[in-house]
Amino acid sequence: FALKLVIKDTQKYEAAQKFLAETSESLAIPQDVIVRQFTALTASVTGAGKSVEDAQDVFLSITSGIRGTGGSLEDMRSAVVATAQVFSKGKVSAEELRQQLGERLPGAFTLFAASMDMKPAQLDKALEQGKVTLDDFMNFSKHLFANYGENAKILADSPAAAGDRLNTEFKNLKGNFGGLFSNIGASIQDFTTKFLKLLNDNQANVKKFIANFSNFFIGGFNVVKKVSVDVFNAVKGFAIGFAEVVAGIFKNIEDFING
């Protein structure tokens, strides 16, 4: 929802959603993570006068650079935060480039210098003089993607990133079905709430019903018990009488034989 507030144009928002889905899949970045990071970066990039498409290019370059050099999802987060700060300030400083970005992306300073056809010492001087612009950073991002774009996809599909891929699918499942489960859970809770309220509002009738039901059950049980005893006694009496008759018959037969 926050991304939709940042990207007010419907078509650009839908294009960004497609971009995020594809990037999440290719770089094994969970949807909730990638959306949050991209939203913050896009706000900074568009706030600096650049386009949503520029934000997509920069985001893809930075995340590809991190994944392509074996970095983690936490490294990506920190690198994107540093990049957002660059655009928020409207200029590139040595602090973001050497420390915040450089610590997460090995060789970032050297790559930046190369993208400007400079040596690291020359880039240092240009940074001190405030001559490194956001356009230079955009050019650096293109240079970064050219170097690590393909490697990033390979590493995202490697055994080392298996955990990230699994985490990505779990998070995507939550994003796709979480709302459905939440609605079902809410419906069950609402039904339970209404049922309990019904019991509380009609407690006298409910208590009377329970008492009547209990009495009926107990009474029915006593009836069944009495009937069972009567049936048992009747069967018992019949069995005894039958046994006596049979015994008498055999006794008469025995007397007749013995003469």
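Note on Leu111 and Met116: same hydrophobic cluster, where clusters join Ile, Leu, Val, Met, Phe, Trp and Tyr whose side-chain heavy atoms are under 4.5 Å apart, directly or indirectly. A chain of hydrophobic side-chain contacts below 4.5 Å, direct or via other Ile, Leu, Val, Met, Phe, Trp or Tyr residues, connects Leu60 to Leu3.
Side-chain contact check for Val132 versus Leu97: every heavy-atom pair is 4.5 Å or farther apart. With a 4.5 Å cut-off on side-chain heavy atoms, Ile29 and Phe38 do not count as touching. Residues Val86 and Leu101 fail the side-chain proximity criterion, which asks for heavy atoms closer than 4.5 Å. Counting heavy atoms from C-beta outward, His143 and Asn139 have side chains that stay 4.5 Å or more apart.
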Set out, in order, the CA-CA distance, both residues' side-chain angles and the distance that settles side-chain contact (heavy atoms from CB on, under 4.5 Å) for Leu127 and Phe112, then state yes or no. CA-CA 11 Å; Leu127 287 167; Phe112 203 112; over 6 Å; no
Worked check of side-chain contact (heavy atoms from CB on, under 4.5 Å) between Glu96 and Val92: CA-CA 7 Å; Glu96 280 92 13; Val92 183; 6.0 Å; no
Report the C-alpha separation of Lys12 and Glu53 in whole Å, then their side-chain angles, then the decisive distance to 0.1 Å, and conclude whether the side-chain contact (heavy atoms from CB on, under 4.5 Å) test is met. CA-CA 8 Å; Lys12 290 184 178 181; Glu53 291 75 17; 4.1 Å; yes
Quick one, Asp75 with Ser78, criterion side chain to side chain donor-acceptor pair (under 3.5 Å). Give me CA distance, side-chain angles, the key distance, then yes/no. CA-CA 5 Å; Asp75 291 327; Ser78 297; 5.8 Å; no
Mind running side-chain contact (heavy atoms from CB on, under 4.5 Å) on Met138 and Val58 for me, showing each step along the way? CA-CA 7 Å; Met138 294 290 299; Val58 171; 3.4 Å; yes
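What you find for Tyr13 and Ile7 is that their closest heavy atoms are N-CG2, 3.6 Å. Between Ala108 and Gly102, the shortest heavy-atom contact is CB-CA, 4.1 Å. The two residues Ser51 and Thr46 make their nearest non-hydrogen contact at C-CG2, 4.1 Å. Scanning both residues, Thr110 and Pro120, for their nearest heavy atoms gives OG1-CG, 4.5 Å. In terms of heavy atoms, Ala126 sits closest to Met118 at CB-CE, 4.2 Å.
Between Phe137 and Phe140, the gap from one ring centroid to the other is short of 6.0 Å.
No donor-acceptor pair closer than 3.5 Å links the side chain of Ser64 to the backbone N or O of Ser61. Side-chain atoms of Ser24 do not come within 3.5 Å of backbone N or O of Ala21 as any donor-acceptor pair. A donor-acceptor pair is defined here as one N or O able to donate and one able to accept, closer than 3.5 Å; such a pair exists between the side chain of Arg67 and the backbone of Ala28. For Asp136 (side chain) and Thr133 (main-chain N/O), a donor-acceptor pair under 3.5 Å exists by modelled atom type.
Using a 4.0 Å cut-off between charged nitrogen and carboxylate oxygen, Lys125 and Glu128 do not count as a salt-bridge pair.
Here Met76 contributes atom CE and Gln37 contributes atom CD; the two are 8.0 Å apart, rounded to the nearest 0.5 Å. Distance check, rounded to the nearest 0.5 Å: OG1 of Thr83 to CZ of Arg104 gives 12.0 Å. Rounding to the nearest 0.5 Å places NZ of Lys153 at 11.5 Å from CD of Glu25. In this structure, Leu144 CG and Leu105 CG are separated by 5.5 Å, a value rounded to the nearest 0.5 Å. Taken to the nearest 0.5 Å, the CD1 atom of Ile66 stands 11.0 Å off from the CG atom of Leu27. Summarising the geometry, atom OG1 belonging to Thr23 is positioned 9.5 Å from atom CD belonging to Gln31; distances are rounded to the nearest 0.5 Å.
Checking Asp57, Asp135, Thr42 one by one against Lys50, the side-chain hydrogen bond (donor to acceptor under 3.5 Å, both in side chains) holds for a single residue, Asp135.
The number of heavy-atom neighbours closer than 6.0 Å to CD of Gln129, taken from other residues, nucleotides and ligands shown, is above 12. Heavy-atom neighbours of Lys142 NZ from other residues, nucleotides or ligands within 6.0 Å: at or below the threshold of 12.
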